[in-house]
Amino acid sequence: MAARLEHVAIIMDGNGRWAQQKNKPRTFGHIKGARVAKKIITHAGNSGLKNLTLYAFSTENWLRPQTEVSFLMRLMKRYLQKETATLIKENVRFSVIGEVEKLPKDVQLAIQTTKKLTEKNTGLHLTFAMSYGSRQEILSAVKNIAEKFKNGEVDKNQITESYFNSHLMTSGTPDPDLIIRTSGESRLSNFMMWQASYSELYFSATLWPDFTTKHFDHCCQNYFQRERRFGGTKIKNEESFI
Ligand code: IPE
Ligand code: IPE
Ligand code: MG
């Protein structure tokens with residue numbers, strides 16, 4: 001049985017379809033999606049989880065219609081401004097992974113403020129992946145290390161997995177034990193491809209705006225029933241046929 005669950009990451013998908021099913025604009029789904037995120041954060045914190053990462057906006061999501069992108073940016077800013085007090089109250093430490101410099105300045109400012117106000121909190125470590133793409137993250141780590149190599153700051157033998165890890169945006173946070181994706185899609189969509197090497201994956205058919213704390217608990221219970229082998233086996237010295 002899976003022994004510990006320190007990091008849950010969620011690919012929050014299905015907002016647009018949820019709204020369209022109700023003959024509403026996609027933005028309606030994003031508003032409901034933000035409310036669901038708030039509930040899941042509180043619940044995860046109350047459950048004693050250490051790390052929760054929420055995939056909120058991918059590098060590829062910049063390709064969506066400009067009206068949807070700017071709505072999402074305004075929503076994120078409003079969310080941070082409104083919810084920071086709750087994050088403080090709930091002892092949540094907030095951080096962001098992604099190409100933050102690509103976000104509008106006011107969103108960057110809201111991020112900085114929330115990070116600063118929650119930096120000493122000791123409860124749940126909440127990470128929003130915003131303008132995040134795993135390929136871009138890996139490329140940026142490679143470029144960074146190449147620069148250090150060129151300057152003679154690092155030797156080839158020193159470039160280990162843990163050295164590489166320390167150059168990723170997730171540095172300091174353990175790899176996700178469990179990655180949940182909602183809305184019935186079974187893909188990673190450029191999310192934590194290095195970190196997910198041995199993550200357990202749970203694909204839920206539920207659209208994100210319909211996702212509840214009960215669904216979350218169900219995913220965690222399912223995780224605890226799994227056996228994580230990491231390439232090994234529990235069986236010791238079985239008799240050989242030859
Ligand atoms: C997830 O919902 C939110 C973001 C990617 C920003 P979608 O907007 O992808 O909703 P669907 O997948 O189109 O239903
Ligand atoms: C992945 O969802 C990104 C987020 C949930 C933020 P998408 O809706 O962008 O993914 P694809 O396009 O279906 O792969
Ligand atoms: Mg989607």
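We count ligands from 1, going down the list as the structure has it; atoms in each ligand are counted the same way. When a residue number appears, it is its place in the shown sequence, counting from 1. Keep in mind it's a predicted model, so treat the numbers as computed, not measured.
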## Note on the structure
One finds that the ligand 2 atoms under 4.0 Å from a non-hydrogen atom of Ile11 are 5 (C)
### Task
Please identify which atoms of ligand 2 are closer than 4.0 Å to at least one heavy atom of Phe57.
6 (C)
### Query
Do Asp177 and Arg228 pass the salt bridge (Lys or Arg N to Asp or Glu O under 4.0 Å) test, and can you show the C-alpha distance, the side-chain angles, and the key distance before you say yes or no?
CA-CA 10 Å; Asp177 297 301; Arg228 300 183 76 185; 3.0 Å; yes
### Task
Begin from the C-alpha positions of Phe216 and Phe211 and carry the test ring pair (Phe, Tyr, Trp, His ring centres under 6.0 Å) through to its verdict.
CA-CA 8 Å; Phe216 182 84; Phe211 198 78; 7.0 Å; no
### Residue Asp13, metal the Mg ion (ligand 3), N/O/S under 2.8 Å
yes
### Message
Checking the N or O distance criterion of under 3.5 Å, is ligand 1 in contact with Asp13?
### Response
yes
A side-chain contact here means heavy atoms from C-beta on lying under 4.5 Å apart; do [X] and [Y] qualify?
{"X": "Pro176", "Y": "Glu200", "answer": "no"}
{"X": "Met169", "Y": "Val96", "answer": "no"}
{"X": "Ile40", "Y": "Ile10", "answer": "yes"}
{"X": "Arg135", "Y": "Met193", "answer": "yes"}

Quick one: does ligand 1 sit under 4.0 Å from the side chain of [X], the backbone, both or neither, non-hydrogen atoms only?
{"X": "Asn61", "result": "side chain"}
{"X": "Gln20", "result": "neither"}
{"X": "Ser183", "result": "neither"}

State whether a side-chain donor-acceptor pair under 3.5 Å links [X] with [Y].
{"X": "Gln158", "Y": "Glu153", "answer": "no"}
{"X": "His30", "Y": "Glu68", "answer": "yes"}
{"X": "Tyr198", "Y": "Arg229", "answer": "no"}
{"X": "Ser131", "Y": "Glu99", "answer": "no"}

#### Entry: Spacing of Ser204 atom OG and Arg181 atom CZ [to the nearest 0.5 Å]
11.5 Å
Identity of the nearest option to [atom], non-hydrogen atoms only, from [options]:
{"atom": "atom 6 (C) of ligand 2", "options": "Phe191, Tyr55, Trp208", "value": "Tyr55"}
{"atom": "atom 4 (C) of ligand 1", "options": "Arg64, Arg26, Arg17", "value": "Arg64"}
{"atom": "atom 1 (C) of ligand 1", "options": "Met12, Met76, Met130", "value": "Met12"}

Heavy-atom nearest neighbour in the protein, as seen from [atom], with distance rounded to 0.1 Å:
{"atom": "atom 14 (O) of ligand 2", "answer": "Ser189 OG, 2.6 Å"}
{"atom": "atom 12 (O) of ligand 2", "answer": "Arg187 NH2, 4.6 Å"}
{"atom": "atom 2 (O) of ligand 2", "answer": "Arg181 NH2, 3.6 Å"}

### Query
Between Ala56 and ligand 2, which residue portion shows a heavy-atom distance shorter than 4.0 Å: side chain, backbone, both, or neither?
backbone
### Message
Give the atom numbers and elements of ligand 1 that come within less than 4.0 Å of a heavy atom of His30.
### Response
3 (C), 8 (O)
### Task
Please identify which atoms of ligand 1 are closer than 4.0 Å to at least one heavy atom of Gly16.
7 (P), 8 (O), 10 (O), 11 (P), 14 (O)
### Query
Could a heavy atom of Glu185 be found less than 4.0 Å from some atom of ligand 2?
no
